[in-house]
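Note sheet for the following structure.
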2 protein chains.
Amino acid sequence: MRARNIKPTAMRELVLEVLSRQTAAIGLPELEEHFEKADRTTLYRTLKTFEEKKLIHKIDDGTGTVKYALCSETCECEPDDLHVHFLCKKCEKTYCLYNIPVPTINLPPGFQLDGVNMVVNGICSNCRT
Amino acid sequence: MRARNIKPTAMRELVLEVLSRQTAAIGLPELEEHFEKADRTTLYRTLKTFEEKKLIHKIDDGTGTVKYALCSETCECEPDDLHVHFLCKKCEKTYCLYNIPVPTINLPPGFQLDGVNMVVNGICSNCRT
DNA sequence: ATGAGGGATGCAACTGTATTGCAAAGTTAT
DNA sequence: ATAACTTTGCAATACAGTTGCATCCCTCAT
């Protein structure tokens, strides 16, 4: 996991472990609840570091809380690596649809594309049963 | 313009006028700057009303400030009406790409699609010259 | 071993956006 | 004119995110 060039401290190991246990993306406030002792700032900076090193990616699902989820092994967070996210408005959870790539967009002339944030919202399969 | 069933007050006329003058989407803080006397709350609620009545639509571009832009005449904010948005990371402006519809997404079985938020970021044609 | 340097952590304070409660002002219909 | 309802303004609050600074910990060179 530290092929991403991150110094593995105890804190970071723990945070990474929590992250890998998630089935949905997780935000800073929710991450805090998993730790009694750790400080918000530390978690904040840990997420920031992880994101910079492309171990996790940021998802802004419009709920007001930025969420994070693990990147795939080979992800470089380039436009080609990106996938669609799904926000369920019932359970409020945000899922990575890893196998649904973000469609290619043809921008007007003169526009340079660097990244895409695509969040689909609706009701997830769990909440519809 | 009030085919959208909104009671036309003086404030609302003014806000709408400012909105229609924009070439880029505008957020509440920036909207405030256009008014010396009006209160933030009033503007906030005006935007909210406009949004509910589908006169404007919300854009969460990930900058931390939700932006708004006018809907097209016939827009009902259904998935079919949606277009792509572009956030320039240089000028920080967010543009509606009205003529680029959001691509259709095939969700996994059991998922119900209600809406899509798609924001492309990069450098706009103005900033690249 | 030891001490210096650099990164990591924790605490506290702060920023900025969004939001709500409540009272005052305005509008509309009878 | 008056009652019912809506809109506006002020104040206060909530909450995520962020920064400054001091402390701690680890590593490396002497």
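So you know, we letter chains A, B, ... as the sequences are listed, proteins then strands, and number each from 1.
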Nucleotide-resolved protein contact map, nucleotides 6-19 of chain C, B/S/- at heavy-atom distance under 4.0 Å: -SSBBBBB---SBB
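Checked by atom type and distance alone, the side chain of B/K89 never pairs as donor or acceptor with a backbone atom of B/N121 at under 3.5 Å.
To the nearest 0.5 angstrom, A/L107 atom CG is 11.0 Å from B/C124 atom SG.
Whole-Å rounding puts the A/L43 CG to D/dG17 P distance at 12 Å. Distance B/E13 CD to C/dG26 P: 18 Å, rounded to the nearest Å. B/L16 places its CG atom 15 Å from the P atom of D/dT7, with the value rounded to the nearest Å.
B/H57 and B/H85 have tilted rings, their planes meeting at an angle from 30° to 60° on a 0 to 90° scale.
Listed by first then second residue, pairs satisfying salt bridge (Lys or Arg N to Asp or Glu O under 4.0 Å) with a partner in residues 30-52 of chain A number zero, not counting sequence neighbours.
B/L87 and A/V116 are assigned to two separate hydrophobic clusters, defined by single-linkage of ILVMFWY side chains at heavy-atom distances under 4.5 Å.
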